[in-house]
Undergrad: 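Please read through the structure below; I'll follow up with questions.
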4 protein chains.
Amino acid sequence: MDGFQRRREQKKQAILLAALTLFMKNGIQKVSIAEIAKEAGVSQVTIYNYFESKHQLTYDVFVFYIESASSQFEELVHSDLPFPDKIRMIMFSKKEVAQQIHEEFYQYLMKQYSTEGNLFENLYEEKVVPYFSQLIQEGKDQGYVDDSLSEDAIRFYLEMLRTYMQNEENYTKALPLTEDINKIFFYGIMKGKQE
Amino acid sequence: MDGFQRRREQKKQAILLAALTLFMKNGIQKVSIAEIAKEAGVSQVTIYNYFESKHQLTYDVFVFYIESASSQFEELVHSDLPFPDKIRMIMFSKKEVAQQIHEEFYQYLMKQYSTEGNLFENLYEEKVVPYFSQLIQEGKDQGYVDDSLSEDAIRFYLEMLRTYMQNEENYTKALPLTEDINKIFFYGIMKGKQE
Amino acid sequence: MDGFQRRREQKKQAILLAALTLFMKNGIQKVSIAEIAKEAGVSQVTIYNYFESKHQLTYDVFVFYIESASSQFEELVHSDLPFPDKIRMIMFSKKEVAQQIHEEFYQYLMKQYSTEGNLFENLYEEKVVPYFSQLIQEGKDQGYVDDSLSEDAIRFYLEMLRTYMQNEENYTKALPLTEDINKIFFYGIMKGKQE
Amino acid sequence: MDGFQRRREQKKQAILLAALTLFMKNGIQKVSIAEIAKEAGVSQVTIYNYFESKHQLTYDVFVFYIESASSQFEELVHSDLPFPDKIRMIMFSKKEVAQQIHEEFYQYLMKQYSTEGNLFENLYEEKVVPYFSQLIQEGKDQGYVDDSLSEDAIRFYLEMLRTYMQNEENYTKALPLTEDINKIFFYGIMKGKQE
DNA sequence: AATGAATGAGGGTTCATTCAT
DNA sequence: GATGAATGAACCCTCATTCAT
């Protein structure tokens, strides 16, 4: 990649990052192309030179996000932390800007771009799900996780927790409850369980 | 309340319901006053006669929603179902239109109306939280719930589940996993726990 | 039609007229909605309240034009002028604003709206062609027109002359040549013909 | 002209040709510099290096067109076809791409560039009119054309026919009427003329 | 009280043109 | 001389809100 290409790529990243940041702060519709341009330090038209419409930009931002998240998961899953710590990190690790995605963002995509719904769904399926699966399998292999629970159900829980925590408010609310939230996830709410 | 008042009140309800329905289907920003007016069968100006701005209308819709939810919780909590069934219903009972609230709705409120954030927060605190608390207390009293878990943590879980399930996609995904999701909530994911 | 309806209709006409005038003076693309709004003395949005897009407005302007032209032809054809004078009038009568249509206008419609091409074509066919036909038939019946010439060919000539004259420049050029242009149309360019 | 100059000239021609082609297909305004650049296989800036603005380019395209047309007329007039065939060819010969000019093109120039109107007018006067005149004179000399008809009037007709035929739609409509259209031009529409 | 009509402000997008390499 | 990148201005259109009846 020559200097030209590289600079082009950098600018593209800058725009994506600006857009993602703003989208997450304010939602998608509330963010105008003008704002993104300002945040990224380019003119509106430059954005159109890279992404042919707001629609397309939004999609690309999503891909950008998913890929960031994906590589972060990959790292986490392949790390040599003990299983319970990995779980904890998924729920509570404060992510870098680029990887926080607020629920509305996701919802919005699913709703507004319903025709391409599958695209999003598929990308997620392909880039993120496998790491969850791997992690859960690891938990089972190491004897942490009840074999009789379906992987889907556990993943559902993990994703829910993760998604929910992405929201600033919820995260703040959860923080002082870390201990108990973990306990519930691992041991449930029941008293004197399963003897 | 005389006939005038009553009719006035009915019209107001019709507008609120129309707005809520549309907000939940499409998100708040995507719904124009014109659409709400059409759905409610009134003119745009009539809406302004009742609610002085879209901002205000949105707030009132939220109140309307919270109150519906509140009375539904009240009913549930006071019913004579066994504790575990109550929990199950909170997670999985498919709610009537008026009470489904899509996540974006809530997020949006919290974000856009941040100055009044407390208002929403307070209302929720006042109208919904008590029933959750009562329910959890009941669980503890009846020996279902581990006393050592903080009420806040359990409520966090319940709210998360409820909120997450409001989303059509998630609900659909969860449905076939009902059994396991319940199990995880009650017993956690761990194998051969806590002996 | 009540007062409301009437005023609405008047405003619509005003917009159509403003648009037609500007379109003919400057072509369609060069004329912005803002300009039309200004010329018609309304706000841009008002235009959108009546015509749902520039596309649609353009179409409606065309219909408006064709109908004006149509009724003018009707009058001319049904008048009791001698045949040659009717022909002369078609070529040379200076039309009112509403009925001048500059070639570009027509061309533009045919080009840009090619999908609906037929719509325009059909309207013209239905509203204008019949009067031409009637006129030509009259010319044949009265012994003015060579029976062996096809109606289509004569109409082609008439339409060409009329269209061409709509253009200011051409009209101006033709004016001093009236006599000869008529002669050519009636007798051709040949010397001592057809003996 | 050295190799440099030659290559420069070739590129200029390529751009002019690309522009003319596109202008004729889509009208002037609809064609962006970007499109022309693409069609000509050069960058936008290159166009600006040769022609200092779209305005200027348009003008140069027109000159290019007129000169093509001019040399074609020259050839036709100097050919040894009989007079009536020359006339026929003016009306009906299907022209090569570079020489078709769609009416909108001409109209547009006359309208948008009204300040320079004379420039266009003059060029046309100088490059095209003489051949028409020559042709008409030839017709008169050979006894085909009525001496009493002014040259201007005949040229008016010829230009009108030629212009009108440039339009695809009109040409198509005229084709099956060739015979009669010629007849009208030569002999007029009258029955049993001028005895 | 209720409505149809009207609007200012703003959003996404395109285009002729210039900048920097 | 040639290019990819960048831009200001303008355009079509939408929306929350107000006016006039």
Side-chain angles (χ1 to χ4, degrees), chain A residues 2-5 7-8 10-12 15 29-37 40-58, chain B residues 4 7-8 11 28-37 41-58, chain C residues 2-5 7-8 10-12 15 29-37 40-58, chain D residues 4 7-8 11 28-37 41-58:
Chain A
D2 61 18
F4 255 152
Q5 288 282 332
R7 211 134 27 103
R8 191 182 165 81
Q10 276 175 7
K11 206 152 230 173
K12 221 172 157 178
I15 294 170
Q29 296 199 62
K30 274 293 227 191
V31 176
S32 71
I33 293 286
E35 278 176 278
I36 298 172
V42 300
S43 95
Q44 292 196 47
V45 185
T46 298
I47 294 183
Y48 280 90
N49 286 340
Y50 288 96
F51 309 91
E52 61 182 34
S53 64
K54 189 180 182 184
H55 186 102
Q56 183 62 38
L57 171 60
T58 307
Chain B
F4 246 161
R7 222 147 6 119
R8 189 181 163 82
K11 216 161 217 175
I28 297 181
Q29 297 199 62
K30 278 291 235 188
V31 176
S32 70
I33 294 287
E35 277 176 279
I36 299 172
V42 300
S43 93
Q44 296 194 44
V45 186
T46 299
I47 293 182
Y48 280 86
N49 287 340
Y50 288 101
F51 310 90
E52 62 182 34
S53 66
K54 189 180 182 185
H55 187 101
Q56 182 62 37
L57 170 61
T58 308
Chain C
D2 61 16
F4 254 152
Q5 287 282 331
R7 212 135 26 105
R8 190 181 165 81
Q10 276 175 6
K11 206 154 230 173
K12 220 172 157 177
I15 294 170
Q29 297 199 61
K30 275 293 226 189
V31 176
S32 70
I33 294 287
E35 278 176 278
I36 298 172
V42 300
S43 96
Q44 292 195 46
V45 185
T46 298
I47 294 183
Y48 281 91
N49 286 340
Y50 288 97
F51 308 91
E52 62 183 34
S53 65
K54 190 180 181 184
H55 187 101
Q56 183 61 39
L57 171 60
T58 308
Chain D
F4 247 162
R7 220 145 11 116
R8 188 181 164 82
K11 215 161 218 177
I28 297 181
Q29 298 199 60
K30 279 291 235 188
V31 177
S32 70
I33 294 287
E35 277 175 279
I36 298 172
V42 300
S43 92
Q44 296 193 45
V45 186
T46 300
I47 293 182
Y48 280 87
N49 287 339
Y50 288 101
F51 310 91
E52 62 182 33
S53 66
K54 190 181 183 185
H55 187 102
Q56 183 61 38
L57 170 60
T58 308

Undergrad: Just how far, in rounded Å, is P of F/dC12 from NZ of C/K30?
TA: 12 Å
Undergrad: Please check: side-chain N/O of D/Q56 versus main-chain N/O of D/S53, any donor-acceptor pairing under 3.5 Å?
TA: no
Undergrad: Quick one, D/L57 and D/I36 - any side-chain contact, counting heavy atoms below 4.5 Å?
TA: yes
Undergrad: Rounded to the nearest Å, what distance is computed from the CD1 atom of residue D/I28 to the C1' atom of nucleotide E/dA16?
TA: 15 Å
Undergrad: Mind listing the closest non-hydrogen atom pair of D/Q44 and D/A34 along with its distance?
TA: NE2-CB, 3.7 Å
Undergrad: Testing the basics here: between B/V42 and B/K11, what is the closest heavy-atom pair and its distance to 0.1 Å?
TA: CG1-CE, 3.9 Å
Undergrad: Considering only F/dT17, E/dA16, E/dT13, which nucleotide approaches the side chain of A/K54 most closely?
TA: E/dT13
Undergrad: Using the six-membered ring of B/Y48, assess whether NZ or CZ of B/K54 lies under 6.0 Å from its centre and within 45 degrees of the ring axis.
TA: no
Undergrad: Specify the closest pair of heavy atoms between A/S43 and A/A37, including all atoms of both residues, with the distance to one decimal.
TA: C-CB, 3.8 Å
Undergrad: Tell me: CD of A/Q29 to P of E/dG10, nearest whole Å?
TA: 17 Å
Undergrad: Heavy atoms under 4.0 Å, any strand shown: does B/K11 hit a base, just sugar-phosphate, or nothing?
TA: sugar-phosphate
Undergrad: E/dT17 C1' sits how many Å from D/Q56 CD, rounded?
TA: 15 Å
Undergrad: How long is the straight-line distance from CD1 of B/I28 back to NE2 of B/H55, given to the nearest 0.5 Å?
TA: 10.5 Å
Undergrad: For DNA chain E, report each stem as range with range, ordered by first number, or say none. Use Watson-Crick or G-U wobble pairs under 3.5 Å, at least 3 in a row.
TA: E:2-21 with F:2-21
Undergrad: Mind listing the residues from residues 40-53 of chain A sitting with a heavy atom below 4.0 Å of DNA chain E? Number order is fine.
TA: A/Q44, A/V45, A/Y48, A/S53
Undergrad: Ignoring hydrogens, what is the shortest heavy-atom contact between A/E35 and A/K30? Give both atom names and the distance.
TA: OE1-O, 3.2 Å
Undergrad: Quick check: on DNA chain F, is the nucleotide nearest C/A34 upstream (toward 5') of the one nearest D/R8, or the reverse? Name the residue that is more 5'.
TA: D/R8
Undergrad: What are the two closest heavy atoms between D/I33 and D/I47, and how far apart are they?
TA: O-CD1, 4.0 Å
Undergrad: Please report the distance, rounded to the nearest Å, between CD1 in B/I33 and P in F/dT18.
TA: 11 Å
